[in-house]
Visitor: 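Have a look at this one.
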There are 2 protein chains.
Amino acid sequence: MNEPIFILRGDICYSRNLTELAVIKQGYVICKEGMSLGVYQELPEEYQDLPVRDCGDDLILPGLCDLHVHAPQYTFRGLGMDLELLDWLNEHAFPEEGKYRNLEYARKAYGSFVQNLKESATTRACIFGTIHVPATELLMDMLEASGLHTIVGKVNMDRNCPAYLTEKSADISAEDTVEWIKDCKKRCQITRPILTPRFIPSCSDALMENLKKVQMHYGLPVQSHLSENQSEVAWVQELCPQSEFYGDAYDRFGLFGADCSTVMAHCVYSDERERRRMKENGVYVAHCPESNMNLSSGIAPVRAFLNEGIPVGLGSDVAGGTSEDIFAAMAHAIQASKLRWRLVDDTLKPLTAIEAFYLGTKGGGSFFGKVGSLEEGYEFDALIVDDSAISSRDMEVKERLERLIYLSGGAKIKGKYVAGKEIFWR
Amino acid sequence: MNEPIFILRGDICYSRNLTELAVIKQGYVICKEGMSLGVYQELPEEYQDLPVRDCGDDLILPGLCDLHVHAPQYTFRGLGMDLELLDWLNEHAFPEEGKYRNLEYARKAYGSFVQNLKESATTRACIFGTIHVPATELLMDMLEASGLHTIVGKVNMDRNCPAYLTEKSADISAEDTVEWIKDCKKRCQITRPILTPRFIPSCSDALMENLKKVQMHYGLPVQSHLSENQSEVAWVQELCPQSEFYGDAYDRFGLFGADCSTVMAHCVYSDERERRRMKENGVYVAHCPESNMNLSSGIAPVRAFLNEGIPVGLGSDVAGGTSEDIFAAMAHAIQASKLRWRLVDDTLKPLTAIEAFYLGTKGGGSFFGKVGSLEEGYEFDALIVDDSAISSRDMEVKERLERLIYLSGGAKIKGKYVAGKEIFWR
């Protein structure tokens, strides 16, 4: 069903803001040409003659947004978690990513990633590929066909990595990147490129300078990693003694917000100076709580980001995280925030379920534009969720949502729309 | 299929001990009269003529053991998590438990709990009921019919609780308990009673004295809560100024191991003195990592328990925990241990996946007898798991197990046996 205008009826729920949840039981939401015309308890007179798709007692929610996921790591999610970041990269992530030089391997592996992402609750995602242009373009073709709206990066890395995963020079890395960006413009409509210097340790100054030129020329956004792990932070300090803090090492090259839309994953150890710069530059945090547990990184100060007005969304960070499920990321975000409050800093209040839902929808969604809500003027990303296996229909919608966050695996995503396009209905 | 002797073939995996996993690909495990006759790579001559149930490439694992779960709280799992323990008890747990005075309510709610537990990976469980004898007996009848082997407690509480959930006196509480024990012996074979003083704050000295008499007369085991939350620990200190530490408040009444088999949930704040007593008395820890996150309690020092020789198993602690899935409890145990190592005490190494699997099988299983392994002489509790939706069959069995721990919701439990009895096959 891809009508220019259509209406869904069901138990509708979305975030007004960080702390306010809107619930419209047996309400209507109208989609016209990919955008929401708003949510109504009673259908306005002018739409009375249009057909209504009745979702019964199912939940109608905004689609979920994943601000950080590594497509080539999907193959080894939930494996080899007994290491910290830098060892884990060398023993697991890098060897696996090296395989994407082989397009046949990439076709099979990315096929499974894209299929599962399509069937998940995610409607938008910021995705890391590998350094390989052909494999990244293949990934983007598959994502384009899925109907999801995604932002995908060919990764740049020219130092401190195994030879099989190191680009030959800063110039070759930049040239490959330009070639890839031009291809993207030809091949894709809903799958957009994003500059992706892997992280400071794997990018020379010359590469960063090149990437800033590319960024300016093509007006691209940027994604990378920031202050994830203590050893990594210490390494960056060593590599960039002139930088005031980790984020400053990106900012020196103009790749840290301000004139380019930027999302940084993790930010576990972002101190006040770094947070101040993030706030000034409008840098997004992709909070990846499960990954930060699995790789023993720590717990990011999400409440501080929120208090200080830094934009935050959630990331699955597969394969530091084990699953693409952003409902699970919400549960992990709440749980991690409670442990941080108890064990690290009791001045920073834990996240509530409503706040975590906001982060996974409207919070991260704003990185993609007017996304993450069902309110009028938002792009129409919607999930139809049959939660009857985990909740009874006489529970409050807010309670059903809370349980869905913790037990999402027990619910069924019956339908999914992205920007008004039906992705599936089953 | 409840033959006196039968054989399963598949990819078999179980814990030899805390750190050693046994893997027998395409091996055989033989069950005779409810007990394992051992695991074999080649079928011994003497069993060659017996029929073999071929599980293909499915995993054959020991059943999982849940050392701590509240049956009456199952109705509100995944709800109302924005409170700490004592407020959460008053606002959610106690009002819900009060409803089990109504047998019709109990029938519906316990029906759902027992059905889901039966379909889960759990084969053995230590279960809290409520103070109500009829509802607890109803729960036990349902559990008896499920084929699971469980230990169930009618809860005792005679102080510091809402009137609707406070037993009228220490004597009435004890009399009800004796009546219930006698009924159990008549009604149940595989569903056994366990003494269940809720926790020190809700049990008067007189009640504890009575319960010790009952314990000795009937030789029952004991389950309760210990050192879960800082406010609770402080309250116990106030209530029992004569006790050296929380556990000593149980031990003064002879309800803390030694001459009675005892399992204590949580033990987040068990200090060296308490741990020494637990070790001396052989008190089991039911480690409930998700609950300890959800109620902002903290993280138990599991590595210390293991180093010191204190027996440990896992508990789902529904509804402090959100799910009865003990694979998920394993993942939470690993994740929590990593955060504890990072944030609290880096002398206590995180748990590995293999160690967490041990805790959820053989570790907790030993509370029930020779349980939690497929080795010869163990009661035959087995799961047949089709993990093809999450793992490819060319992966190592150890890797498939690790992924199953993190992504159990994506796998299918095809078959389940408890003490040799087939619970289901689907």
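Residue numbering restarts at 1 for every chain, and letters A, B, ... go by the order of the sequence lines.
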Visitor: Please state whether the side chain, the backbone, both or neither of B:Thr75 comes within less than 4.5 Å of a heavy atom of chain A.
Guide: backbone
Visitor: Do A:Arg403 and A:Asp387 come close enough that some side-chain heavy atom pair is under 4.5 Å?
Guide: no
Visitor: Would you please name every residue forming a side chain to side chain donor-acceptor pair (under 3.5 Å) with A:Gln73, sequence neighbours left out?
Guide: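 If we apply the side chain to side chain donor-acceptor pair (under 3.5 Å) test to A:Gln73, skipping adjacent residues, the hits are A:Glu97.
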Visitor: Only counting residues at least two apart or in another chain, list the ones meeting salt bridge (Lys or Arg N to Asp or Glu O under 4.0 Å) with A:Lys414.
Guide: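 Expected list: A:Asp58.
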Visitor: Non-hydrogen atoms of chain A under 4.5 Å away: do they reach the side chain of B:Met81, the backbone, both or neither?
Guide: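 It is both, since atoms from each part get that close.
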Visitor: So which part of B:Ser392 gets closer than 4.5 Å to some heavy atom of chain A, the side chain, the backbone, both or neither?
Guide: neither
Visitor: Indicate whether any N or O donor in one side chain lies under 3.5 Å from an N or O acceptor in the other, for A:Ser316 and A:Asp66.
Guide: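 Result is yes, a qualifying pair exists.
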Visitor: Heavy-atom cut-off 4.5 Å, strictly under: side chain, backbone, both or neither for B:Leu339 against chain A?
Guide: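 Side chain only.
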Visitor: Would a distance-only check, ignoring hydrogens and angles, find a side-chain to backbone donor-acceptor pair under 3.5 Å from B:Arg426 to B:Ile413?
Guide: yes
Visitor: Would you mind reporting whether A:Cys13 and A:Leu21 have side-chain heavy atoms less than 4.5 Å apart?
Guide: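 Touching, per the 4.5 Å side-chain cut-off.
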Visitor: Counting heavy-atom pairs under 4.5 Å to chain B, which of A:Glu290, A:Arg342, A:Gln230 comes out on top?
Guide: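 Between A:Glu290, A:Arg342, A:Gln230, the count favours A:Arg342.
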Visitor: Check whether any side-chain N or O of B:Tyr110 sits under 3.5 Å from a backbone N or O of B:Met142 as a donor-acceptor pair, and report yes or no.
Guide: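 Absent.
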Visitor: Heavy atoms only, distances under 4.5 angstrom: which of B:Met293, B:Arg400, B:Glu402 has the most pairs with chain A? Name it, please.
Guide: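 Option with the top pair count is B:Glu402.
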Visitor: Non-hydrogen atoms of chain A under 4.5 Å away: do they reach the side chain of B:Arg77, the backbone, both or neither?
Guide: both
Visitor: With a 3.5 Å cut-off and no angle check, do the side chains of B:Tyr246 and B:Glu232 form a donor-acceptor pair?
Guide: yes
Visitor: Using distance alone, with no hydrogens and no angle criterion, decide if B:Tyr74 and B:Glu96 have a side-chain donor and acceptor under 3.5 Å apart.
Guide: no
Visitor: Report yes if the side chains of B:Lys25 and B:Val397 come closer than 4.5 Å at any heavy-atom pair, otherwise no.
Guide: yes
Visitor: Could you tell me which residues satisfy side chain to side chain donor-acceptor pair (under 3.5 Å) with A:Arg303, sequence neighbours excluded, listed by chain and number?
Guide: A:Glu355
Visitor: Looking at B:Ala336, B:Gly80, B:Ala331, B:Gly409, which makes the most heavy-atom pairs under 4.5 Å with chain A?
Guide: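 Looking at each of B:Ala336, B:Gly80, B:Ala331, B:Gly409 in turn, B:Gly80 comes out on top.
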Visitor: So which residues of residues 322-329 of chain B are in contact with chain A at a heavy-atom cut-off of under 4.5 Å?
Guide: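 Under the 4.5 Å heavy-atom cut-off, B:Thr322, B:Ser323 qualify.
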Visitor: I need the residue from B:Leu351, B:Asn292, B:Leu343 with the largest number of non-hydrogen atom pairs under 4.5 Å to chain A.
Guide: B:Leu343
Visitor: In terms of heavy-atom proximity below 4.5 Å to chain B, should A:Ser297 be classed as side chain, backbone, both, or neither?
Guide: backbone
